[in-house]
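Heavy-atom basis, side chains included; hydrogens, waters and symmetry copies ignored.
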Amino acid sequence: MTINRPDPSEFASFYAGYIGKVPDSGPEKLLEEQIGQLEKLRKLPEDKGDYRYADGKWTVKELIGHVADAERVFSYRLTRIARADKTPLAGFDENAWAETAPHGRRRMSSIVDEMIAVRRSTLALVGSLDETSIGNTGVANNNPVSARAICWIMAGHTKHHLDILAERYGVEY
């Protein structure tokens with residue numbers, strides 16, 4: 001099944017940047033391609049994993065850990081909304097999570113392995129959706145969102161952070 005680009009009415013405007021990073025080929029293809037890009041990060045030396053490009057910014061390890069954490073949240077939202085659960089879903093404070101998460105104390109390869117495992121689970125979930133479930137809508141973080149939009153948001157969110165790794169951290173993927 002092709003997951004068409006969501007209409008702007010299907011997501012909060014602050015997600016438009018993420019959705020705009022996804023090529024017209026759709027989120028499934030990009031989500032799959034990103035596994036190979038993430039695999040390359042496993043080879044980063046530990047000292048590069050501890051690098052932050054400015055005071056107060058996340059390290060490479062923290063950034064990859066954030067992507068894994070956020071993808072879990074997005075996948076949870078996707079599951080609930082795709083299953084027609086109308087319960088409003090809470091937001092989360094990614095900066096507070098980053099402060100308490102153990103990502104900075106872990107090995108880079110372990111964080112990348114975790115992210116790839118999360119991604120494989122996401123791909124299985126996305127692959128299980130049908131035309132009805134992908135069009136379901138709900139509320140997350142006080143904003144209406146469709147299951148379709150969440151698929152695009154997840155792919156674009158990862159692309160956003162991989163781009164930051166290349167542009168600001170000098171990490172090639």
Checklist entry - Which heavy atom of Ile134 sits nearest a heavy atom of Cys151, and at what distance? => result CD1-SG, 3.8 Å
Checklist entry - When you measure from the side chain of Trp152 to the backbone N and O of Gly20, does any donor-acceptor pair fall under 3.5 Å? => result no
Next on the checklist: Please determine whether side chain to side chain contact (heavy atoms under 4.5 Å, CB included) holds for the pair Tyr51 and Thr59, giving the CA-CA distance in whole Å, both sets of side-chain angles, and the decisive distance to 0.1 Å.
Outcome noted: CA-CA 5 Å; Tyr51 173 74; Thr59 66; over 6 Å; no
Next on the checklist: I'd like to know if the side chain of Glu32 and the backbone of Lys29 have a donor-acceptor N/O pair within less than 3.5 Å.
Outcome noted: no
Checklist entry - Under 3.5 Å, side chain of Arg119 to main-chain N/O of Leu31, donor-acceptor pair present? => result yes
Next on the checklist: I'd like to check Val126 versus Pro27 (side-chain heavy atoms, cut-off strictly below 4.5 Å). Are they in contact?
Outcome noted: no
Checklist entry - For the hydrophobic clusters of this structure (ILVMFWY residues joined by side-chain heavy atoms under 4.5 Å, transitively), does one cluster hold both Val73 and Val67? => result no
Item to check | Shortest non-hydrogen contact between Val112 and Leu38, atoms and distance | outcome: CG1-O, 3.2 Å
Checklist entry - Side chains of Leu30 and Pro23: closer than 4.5 Å at any heavy-atom pair? => result yes
Checklist entry - Would a distance-only check, ignoring hydrogens and angles, find a side-chain to backbone donor-acceptor pair under 3.5 Å from Asn143 to Asn141? => result yes
Checklist entry - Looking at Glu62 and Lys57, does any basic side-chain N land under 4.0 Å from a carboxylate oxygen? => result no
Checklist entry - According to a 4.5 Å side-chain heavy-atom criterion applied to Ile, Leu, Val, Met, Phe, Trp and Tyr, with indirect links allowed, do Ile164 and Phe74 form part of one hydrophobic cluster? => result yes
Checklist entry - Judged by atom type as modelled, is there a donor-acceptor pair below 3.5 Å linking the side chain of Thr79 to the main-chain atoms of Ser75? => result yes
Item to check | Minimum side-chain heavy-atom gap Leu129-Leu78 below 4.5 Å | outcome: yes
Checklist entry - Distance from Ile3 atom CD1 to Arg5 atom CZ, nearest 0.5 Å? => result 12.5 Å
Item to check | Contact summary for His157 and Ala70, nearest pair of heavy atoms | outcome: CE1-CB, 3.5 Å
Item to check | Under 3.5 Å donor-acceptor, Lys159 side chain and Met154 backbone | outcome: no
Checklist entry - How far does OG1 of Thr100 sit from CG of Asn95, to the nearest 0.5 angstrom? => result 11.0 Å
Next on the checklist: Keeping Asp130 on the side-chain end and Thr132 on the backbone end, is there a donor-acceptor pair under 3.5 Å?
Outcome noted: yes
Item to check | Residue pair Gly135 / Arg148: nearest heavy atoms and the distance that separates them | outcome: CA-NH2, 3.8 Å
Checklist entry - Do Ile111 and Tyr169 belong together in a cluster built from hydrophobic side chains that touch within less than 4.5 Å? => result yes
Item to check | Point-to-point distance, once rounded to the nearest 0.5 Å, from CG of Leu125 to CD1 of Ile150 | outcome: 9.5 Å
Checklist entry - Trp97 vs Phe92 aromatic rings, parallel, tilted or perpendicular, using cut-offs 30° and 60°? => result tilted
Checklist entry - Do the side chains of Ile35 and Leu123 get nearer than 4.5 Å, heavy atoms only? => result yes
Checklist outcome for this item: Output for pair (Ile153 CD1, Thr158 OG1), nearest 0.5 Å, gives 12.0 Å
Item to check | Whether Ser110 side chain and Arg106 backbone form a donor-acceptor pair below 3.5 Å | outcome: no
Checklist entry - Going by an N to O cut-off under 4.0 Å, is there a salt bridge joining Lys21 and Asp163? => result yes
Checklist entry - Do any N or O atoms from the side chain of Gln34 and from the backbone of Ala155 form a donor-acceptor pair under 3.5 angstrom? => result yes
Item to check | Of Lys61, Met108, Met115, Lys48, the residue whose pairing with Leu41 passes side chain to side chain contact (heavy atoms under 4.5 Å, CB included) | outcome: Met108
Next on the checklist: Quick check: closest heavy atoms across Ala101 and Asp69, and the distance to 0.1 Å?
Outcome noted: CB-OD2, 4.4 Å
Item to check | CD-CD1 distance between Gln37 and Ile116, expressed to the nearest 0.5 angstrom | outcome: 11.0 Å
Checklist entry - Rounded to the nearest 0.5 Å, what separation is found between the OG atom of Ser128 and the CE atom of Met1? => result 8.5 Å
Checklist outcome for this item: Of all heavy-atom pairs linking Asn136 and Ile81, the shortest is CB-O, 3.2 Å
Checklist entry - Of Leu89, Val145, Val139, which is the lone residue that meets side chain to side chain contact (heavy atoms under 4.5 Å, CB included) with Arg77? => result Leu89
Item to check | Check: Asp85 side chain, Arg80 main-chain N or O, donor-acceptor pair, under 3.5 Å | outcome: no
Checklist entry - When the ring planes of Trp58 and His66 are compared, do they come out parallel, tilted or perpendicular, using 30° and 60° as the limits? => result tilted
Checklist entry - Take atom NZ in Lys86; do more than 12 heavy atoms of anything else shown fall under 6.0 Å from it? => result yes
